[in-house]
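Report on one structure; see the data block that follows.
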Amino acid sequence: MKCGLLGEKLGHSRSPEIHAGLGSYEYKLIEKTPEEVESFLKNGDYDAINVTIPYKRKAFSLCDAVSPIAKKLGNCNVVVKGLDGKLFGDNTDAYGFACLVEKTGVDVKGKKCVVLGSGGAATTAAVVLRELGADPVVNISRSGEDNYTNLSRHQDAALVVNGTPVGMFPKVDFAPVSMESFPKAEAVIDLIYNPEETMLLADAKKRGKIAVGGWLMLVEQAKKASAYMNANLYFYGAPGSGKSTLGKKYAEKRGVEFIDLDEEIEKREGTSIPTIFAEKGEKYFRDLEAATLLDISKTGNKVVSLGGGTLLRDENRRVAEATGRVIYIDATKEDLVARAAALEAARPLLKGGAKAKMEALLAARWDHYQSFTEKVTFKTMMEKL
């Protein structure tokens with residue numbers, strides 16, 4: 001998988017060292033000017049990327065679909081490119097910030113929290129604090145109603161969060177405020193992670209307050225984002241849809257392992273699937289299929305071609321969706337029926353009248369197949385490969 005971090009200036013980033021320990025995917029720093037961002041997000045050669053300042057809101061605006069939390073925040077720090085070229089955006093910063101709040105040990109419910117800044121990081125902090133029950137949550141900006149000239153309004157704040165870049169490397173000899181302005185604060189969170197202890201945090205510690213830096217947030221959001229980057233791609237569809245051919249070619253292009261689930265089952269059993277059906281029955285095969293899928297799913301960054309009925313079992317679908325993305329290979333009923341005769345020898349469920357049995361199989365499974373949202377056609381995919 002080709003992954004990385006998109007931003008304008010990334011010389012200070014420690015994301016590559018974090019992601020190196022989270023999976024086997026390629027992770028690069030990708031510096032782009034504001035004029036280059038849109039073209040890269042739409043046409044760049046990547047599978048999933050992190051996005052950092054100042055491009056999180058731009059990424060959000062370019063996504064075809066976003067997660068509920070990204071929609072609420074209005075920005076994305078993760079963009080995943082579908083095999084059809086469509087972009088999906090998510091925000092794992094919210095999860096990372098919630099981990100920071102938990103680290104402080106402060107129960108923010110019903111307490112005033114002050115967030116310094118009005119950018120993407122500050123917005124994320126404010127939204128999460130409200131979801132945790134903080135009340136009120138006050139954003140301090142340079143020119144808003146609550147600003148740096150009237151901090152005395154908020155001496156009762158229980159938690160102070162720095163969502164500005166003030167104090168970040170290399171300008172480490174600055175702090176956005178003095179903690180003298182917040183005598184009742186139980187804790188301070190600084191979203192800056194370089195340096196790990198900012199002047200603001202040092203000031204808080206001198207006053208006996210809990211002080212938590214942004215390193216934990218960076219690590220935790222990266223762990224959550226790595227689920228997209230270390231995800232398996234499960235190619236799925238009706239018999240004859242071409243999922244094995246596409247899966248193998250895609251894996252070759254991306255330089256990752258390819259597994260055909262049916263071939264893996266045959267290898268483990270030491271015999272063919274038609275023989276397994278004939279000698280031990282379909283239930284034995286389906287149980288074996290579930291066990292093999294579960295085993296394969298335990299490691300990521302693979303392309304897996306599934307059998308045409310693998311995900312009919314709810315447990316198998318849960319495993320696939322929890323460990324990767326299911327790519328449905330779309331095809332018309334007419335095309336699938338036309339290909340049925342060529343499949344009869346290798347597909348036990350089509351023996352003894354392949355076309356009629358394919359029609360019956362599709363009638364029984366069609367609603368199931370159409371329930372998958374990430375779809376590509378064989379022709380479109382082959383053209384891209």
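The figures that follow rest on heavy atoms only: side chains count, while hydrogens, waters and symmetry mates do not.
Taking all atoms of both residues into account, the shortest heavy-atom contact from Glu145 to Asn150 is O-ND2, 3.0 Å. The shortest heavy-atom contact between Ser241 and Ala238 is OG-O, 2.9 Å. Minimum heavy-atom separation, Ala225 to Val78: CB-CG2, 3.8 Å. Here the closest non-hydrogen pair linking Gln221 and Asp93 is CG-OD1, 3.7 Å. The minimum heavy-atom distance linking Asn232 with Lys302 is given by the pair OD1-N, 2.9 Å. Of all non-hydrogen atoms in Val166 and Ala175, the two that sit nearest each other are CG1-C, 3.7 Å.
Both Tyr27 and Ile18 are part of a single hydrophobic cluster, where members link through side-chain heavy atoms under 4.5 Å apart. Tyr25 and Val256 are assigned to two separate hydrophobic clusters, defined by single-linkage of ILVMFWY side chains at heavy-atom distances under 4.5 Å. Under the 4.5 Å side-chain contact rule for hydrophobic residues, Leu311 and Tyr328 share a cluster. A continuous path of Ile, Leu, Val, Met, Phe, Trp and Tyr side chains, each step under 4.5 Å between heavy atoms, connects Leu261 with Val326, placing both in one hydrophobic cluster. Val51 and Tyr193 are assigned to two separate hydrophobic clusters, defined by single-linkage of ILVMFWY side chains at heavy-atom distances under 4.5 Å.
Under the 3.5 Å distance criterion, the side-chain polar atoms of Thr198 are matched with a main-chain donor or acceptor of Leu201. In terms of modelled atom types and a separation under 3.5 Å, the side chain of Tyr228 and the main chain of Val79 share no donor-acceptor contact. Of the possible polar contacts, none joining the Thr380 side chain to the Val376 backbone as a donor-acceptor pair under 3.5 Å is found. The main-chain N or O of Pro183 is found under 3.5 Å from a side-chain atom of Lys209 such that the two form a donor-acceptor pair. In terms of modelled atom types and a separation under 3.5 Å, the side chain of Asn147 and the main chain of Gly144 share a donor-acceptor contact. Formation of a donor-acceptor pair under 3.5 Å by the Thr104 side chain with backbone atoms of Val101 is found in this model. Counting only distance, with no hydrogens or angles, the side chain of Lys81 and the backbone of Gly44 share a donor-acceptor pair below 3.5 Å. The backbone N or O of Leu87 lies less than 3.5 Å from no partner atom in the side chain of Lys42, so there is not a single donor-acceptor pair. For Lys111 (side chain) and Asp107 (main-chain N/O), a donor-acceptor pair under 3.5 Å exists by modelled atom type.
More than 12 heavy atoms of other shown residues, nucleotides or ligands fall within 6.0 angstrom of atom CD in Glu131. The 12-atom threshold is exceeded at CD of Glu383, counting heavy atoms of other residues, nucleotides or ligands nearer than 6.0 Å. Environment of NZ in Lys333: crowded, with over 12 heavy atoms of neighbouring residues, nucleotides or ligands closer than 6.0 Å. Heavy-atom neighbours of Phe169 CZ from other residues, nucleotides or ligands within 6.0 Å: at or below the threshold of 12.
Atom CG in Leu10 sits 5.0 Å away from atom CG in Leu5 (nearest 0.5 Å). Atom-to-atom distance recorded for Arg268:CZ and Thr292:OG1 is 5.0 Å, nearest 0.5 angstrom. Phe97 CZ to Leu191 CG: the interatomic distance, rounded to the nearest 0.5 Å, is 6.0 Å. Note that OG of Ser118 and CG of Asn139 are 7.5 Å apart. Values are rounded to the nearest 0.5 Å. Atoms CG and CG, on Leu22 and Asn230 in that order, are 8.5 Å from each other to the nearest 0.5 Å. The CG atom of Asp156 sits 4.0 Å away from atom NZ of Lys112, with the distance rounded to the nearest 0.5 Å.
Considering only heavy atoms from C-beta on, Ile210 stays 4.5 Å or farther from Glu186 through its side chain. For the pair Met229 and Met1, the minimum side-chain heavy-atom distance is 4.5 Å or more. Two residues are said to be in side-chain contact when any heavy atoms from C-beta on lie closer than 4.5 Å; Val337 and Glu334 fail this criterion. Here the side chains of Pro16 and Leu29 are in contact, with some heavy-atom distance below 4.5 Å. Residues Leu129 and Leu159 meet the side-chain proximity criterion, which asks for heavy atoms closer than 4.5 Å. Counting only heavy atoms from C-beta outward, the side chains of Asp45 and Lys2 approach each other to under 4.5 Å. Residues Met358 and Leu343 meet the side-chain proximity criterion, which asks for heavy atoms closer than 4.5 Å. The shortest side-chain heavy-atom distance between Lys72 and Arg130 does not fall under the 4.5 Å cut-off.
Between Lys267 and Glu263 no salt bridge is recorded (no basic side-chain N to carboxylate O distance below 4.0 Å). Checked for salt-bridge contact, Asp335 and Lys379 miss the test: no charged N lies under 4.0 Å from a carboxylate O. Using a cut-off of 4.0 Å between Lys/Arg side-chain N and Asp/Glu carboxylate O, Glu289 and Arg313 are scored as not salt-bridged.
Of the N and O atoms on the side chains of Asn77 and Thr92, at least one donor lies less than 3.5 Å from an acceptor on the other residue. Using modelled atom types and a 3.5 Å distance limit, the side chains of Ser244 and Asp260 yield a donor-acceptor pair.
Judged as a ring pair (Phe, Tyr, Trp, His ring centres under 6.0 Å), the pairs with a partner in residues 240-277 (not counting sequence neighbours) are, in order, Phe277-Phe285. Applying the salt bridge (charged side-chain N to carboxylate O under 4.0 Å, His left out) test to every pair with at least one member in residues 222-250, sequence neighbours left out, gives these pairs: Glu220-Lys223.
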Chi angles and distances behind the side chain to side chain contact (heavy atoms under 4.5 Å, CB included) call for Phe182, Val188: CA-CA 10 Å; Phe182 304 100; Val188 178; over 6 Å; no
Applying side chain to side chain contact (heavy atoms under 4.5 Å, CB included), run through Lys28 and Tyr46 and close with a yes or a no. CA-CA 10 Å; Lys28 293 182 176 180; Tyr46 67 90; over 6 Å; no
Assess whether side chain to side chain contact (heavy atoms under 4.5 Å, CB included) is satisfied between Glu282 and Leu349, documenting all intermediate values. CA-CA 9 Å; Glu282 183 174 359; Leu349 296 181; 3.9 Å; yes
For the pair Cys113 and Val161, evaluate side chain to side chain contact (heavy atoms under 4.5 Å, CB included) and give the outcome as yes or no after the intermediate values. CA-CA 8 Å; Cys113 295; Val161 179; 5.9 Å; no
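At least one test fails for Arg317 against the ring of Tyr236: distance under 6.0 Å to the centre or angle within 45° of the axis.
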